[in-house]
Protein chains: 2
Amino acid sequence: MNSDFSIAVHCVAYLAEKQNQRVTSEDISQSVSVHPVRLRKILSILRKENIIASKEGAKGGFSLNAQPEQITLDKIFRITSEETLVPKCPDSNDNCIIGKHLSDVLIRIFHNAEEHFLNYLKGVTVQDIINEIHNNSSKSSFHA
Amino acid sequence: MNSDFSIAVHCVAYLAEKQNQRVTSEDISQSVSVHPVRLRKILSILRKENIIASKEGAKGGFSLNAQPEQITLDKIFRITSEETLVPKCPDSNDNCIIGKHLSDVLIRIFHNAEEHFLNYLKGVTVQDIINEIHNNSSKSSFHA
DNA sequence: ATAAACTGTAATCATTATTATTACACTTAG
DNA sequence: CTAAGTGTAATAATAATGATTACAGTTTAT
């Protein structure tokens, strides 16, 4: 798995902190320590899902386009990294009953497991993260 | 994430099918399509956890050392891949309150999410997989 | 006792995945 | 019309993964 998901969350949290301001990819890259071009690629897919908005040209940049309490992490995960938890099994061997069917079985198991993973992320919002960062842990709702 | 976990599951399922026989890494590699040296490395850590047994020398090889109904996938995952779901966040930036704390927050969230993932795997045993392979889906217990 | 068939493990090489960078077309504000 | 941005493709650098080679050690059988 690459780090697109955590970078995306970082970006969204950063934009949530800068409510209503327009922020450049250069600016965000100061906080995330990732190259602006890569950020723009990730931000671009968040925009397509209407989580953020962007504006080109001078004084352009990115801004949040949804309520921090409404953005759940499972959504960001699905956008950036869906199915990446399912491992790439080596090519199955048709001459062996195990080799032949195990990949299918494993993929099914992983798919289910990923759903459980996502189900947890569904309970965590960007606002929760903001709260955690400011140590308002009373408002935080992400617990095991 | 590398494919150590799925390879390990494959090996264990294969050994479960060959109950009480001793099988060489060469033999297993026919089924898994992975180099014997790599298999031995993975089998070696399963042995340290007493899931399988190995014997060196002529007529040596690997065999299962636990009941297939008792081996849950979360155990194999913990042995081979624990914490690999937690993404490597880019270096946090001390000059920025978001950059500074977000990695910690994200790591905590991922850790929790991984526990949910593992909790699902805890409900799936190697015997379930064997059953699935033989299509005895009535005995199977892994459902979302 | 020694040859053959194994495991155990380190070290190296090849391949693939990830990330950074360069380049440039396009948009907008002033 | 220029400066400051986004959007995106193409390439280069780096890191992770996997295969292979090499060889020491163990066990069986002759």
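Numbers restart at 1 for each chain; the letters A, B, ... are given by sequence-line order, proteins then strands.
Distance CG (B/Leu39) to P (C/dT9): 15 Å, rounded to an integer number of Å. Rounded to an integer number of Å, the gap from CZ of B/Phe62 to P of C/dC6 is 12 Å. Protein atom CD1 of B/Ile45 is 16 Å distant from nucleotide atom C1' of C/dT7, rounded to whole Å. Put simply, NZ on A/Lys48 is 15 Å from P on D/dT6, counting in whole angstrom units. Taking atom CZ of residue B/Arg47 and atom P of nucleotide C/dC6, one finds them 18 Å apart after rounding to whole Å. A straight line from CD1 of A/Ile42 to C1' of D/dT6 spans 15 Å, rounded to a whole angstrom. Rounding to whole angstrom units, CG of residue B/Asn65 and P of C/dT7 are separated by 16 Å.
In this structure, B/Tyr120 has its ring center at least 6.0 angstrom away from the ring center of B/Phe77. For A/Phe62 and A/Tyr14, the ring centers are positioned 6.0 Å apart or more.
Donor-acceptor pairing under 3.5 Å is lacking for the side chains of A/Arg22 and A/Ser63. Side-chain contact of A/Asp27 with A/Thr24: a donor-acceptor pair under 3.5 Å is absent, judged by distance alone. When only modelled atom types and interatomic distance are considered, B/His35 and B/Ser29 share no side-chain donor-acceptor pair under 3.5 Å. Residues A/Glu17 and A/His134 bring a donor and an acceptor atom of their side chains to less than 3.5 Å of each other.
Taking 4.0 Å as the cut-off between side-chain N and carboxylate O, B/Lys41 and B/Asp4 do not count as a salt-bridged pair.
Contact annotation: B/Ser44 does not reach the phosphate of C/dG8 (side-chain N/O to OP1 or OP2, under 4.0 Å). For D/dG7, one of the phosphate oxygens OP1 or OP2 lies less than 4.0 angstrom from a side-chain nitrogen or oxygen of A/Ser54. Neither OP1 nor OP2 of C/dC6 sits under 4.0 Å from any side-chain N or O of B/Thr24.
Using cut-offs of 30° and 60° for the angle between ring planes, the B/Phe117 and A/Phe110 rings count as tilted.
When the local axes at the two ends of the helix from C/dA1-D/dT30 to C/dG30-D/dC1 are compared, using 5 base pairs at each end, they differ in direction by 0° after rounding to 10°.
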Protein proximity profile, nucleotides 17-29 of chain D - base contact B, sugar-phosphate-only contact S, no contact -, cut-off 4.0 Å on heavy atoms: SSSBB---BBBS-

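Checked against side chain to side chain donor-acceptor pair (under 3.5 Å), B/Ser6 has no partners two or more places apart in sequence or in another chain.
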